[in-house]
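Chain letters run A, B, ... following the sequence lines, proteins first, then strands; residues in each count from 1. Because only heavy atoms are used, hydrogens play no part in the values below, and waters and symmetry mates are left out as well, while side chains stay in.
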Amino acid sequence: MKLATWNVNSLKVRLPHVIDWLAQHQPEILCVQETKLTDENFPVTELAAAGYQAIFTGQKTYNGVAILSKYPGIETVTAIPGLVDEQKRVVAATYGDVRVISVYVPNGEAVGSEKYQYKLAWLPALVHWLKQELERYPKLAVMGDFNIAPEDRDVHDPVLWQGSVLCSQPERDVFADLLNIGLSDSFRLFTQPEKSYTWWDYRMMAFRLNRGLRIDHILLSEQLARSCLSCQIDKAPRKLERPSDHAPVMAELNVIT
DNA sequence: ATGGTAGAGGATCTA
C-alpha cells in the first residue's frame, strides 16, 4: 500500500500535475493540502476519470484539505472535534482498517504574531484528537503539511532559521509530543540523503539552491510503522512549470488493502 | 535596497 501527501497550493492550478503524478505512482491514498477550493468546485469528475475518489473540506481562497483514494472511505470527519475553527484544515477517513488523516497545520507567519498564537493553540487540539484516534484506530496514518521542521537537519540553514517560525522550540516541542503519543516520523525510519527537504520558497531561486525545509510529514502509528518499507520525497514535480512550492512525500507499507 | 514569487481575486492577504 502506497500512501502519499502533497501540499498542492491550489488544486485548481495543480490538477494536471496531480493527475500525472497519480498515474505515475498509483498510490492507494494521496492526502492533499491547500486545495483553496470550496466543496462545490472540487474537481470530482476529473479525479474520477483518473481513477480516484475524494473526501474533502474546503473554503474560498485559503486552506482546504482532501484525501484522494482508489477505494471508498468511511467514518469521515472534517474538523477537529471540539475545536471551534473556521479554517478547513483536517479531514479523516477509514480505508479498510487503516485510518487516514490529511492535515494542514497553520503556518504561523512569524514568532509572536497573532497567527503564531493561533498555531500554538491549534496544535495541542490536534495532538489531543490524534491521541484519541490512536486509541480507536491502531493503524493510523497522519499526513500533511505540519509547518514544522522537526530538527536542524531538516533546515538548509539552521543558524539563519534558528528560533524562527517553522523551527521555533515551542513548535518543535509539539512535534515531539506527536512522537510521544505513539506516532513515528516515517521519513526517519530509514537512512535518507542529507539535505532532504519538502518545501522551497518560490523566491530567491530557493529550489535551485536547495534552500528548503522538511515540513511535510507522514506520521505512522506503531502498527503501521512496523510495516513501513520506505519513505521518500519526490522532488520531480517541483521541477515542472508552475509547480507547487511543496514536493510530495510517499511511503510504502507492507499492508494489503 | 528587510528585498524576492505565487495564488486568489480584483486591493491586499497569505504563504
- Task: State the OH-NE2 distance between Tyr197(A) and His156(A), to the nearest 0.5 angstrom.
- Result: 7.0 Å

- Rounded to the nearest 0.5 Å, the OG1 atom of Thr94(A) sits from the NZ atom of Lys139(A) at a distance of 12.5 Å

- Protein heavy-atom contacts under 4.0 Å, written 5' to 3' over nucleotides 6-15 of chain B as B (base), S (sugar-phosphate only) or - (none), form the string SSSS---BSB

- Message: Between dG9(B) and dA15(B), how many Å separate the two P atoms, rounded to a whole number?
- Response: 15 Å

- Roughly how far apart, to the nearest Å, are dA1(B) and dA11(B) at atom P? 32 Å

- Just by distance, do the side chain of Ser102(A) and the backbone of Val91(A) share a donor-acceptor pair under 3.5 Å? no

- Task: Apply the side-chain contact (heavy atoms from CB on, under 4.5 Å) test between Lys119(A) and each candidate in Ser168(A), Ser113(A), Pro106(A); give the one that qualifies.
- Result: Pro106(A)

- Task: Can you tell me the distance, in whole Å, between the CE atom of Met205(A) and the P atom of dG3(B)?
- Result: 19 Å

- Task: Please state whether the rings of Phe207(A) and Trp200(A) are parallel, tilted or perpendicular, taking 30° and 60° as the class boundaries.
- Result: perpendicular

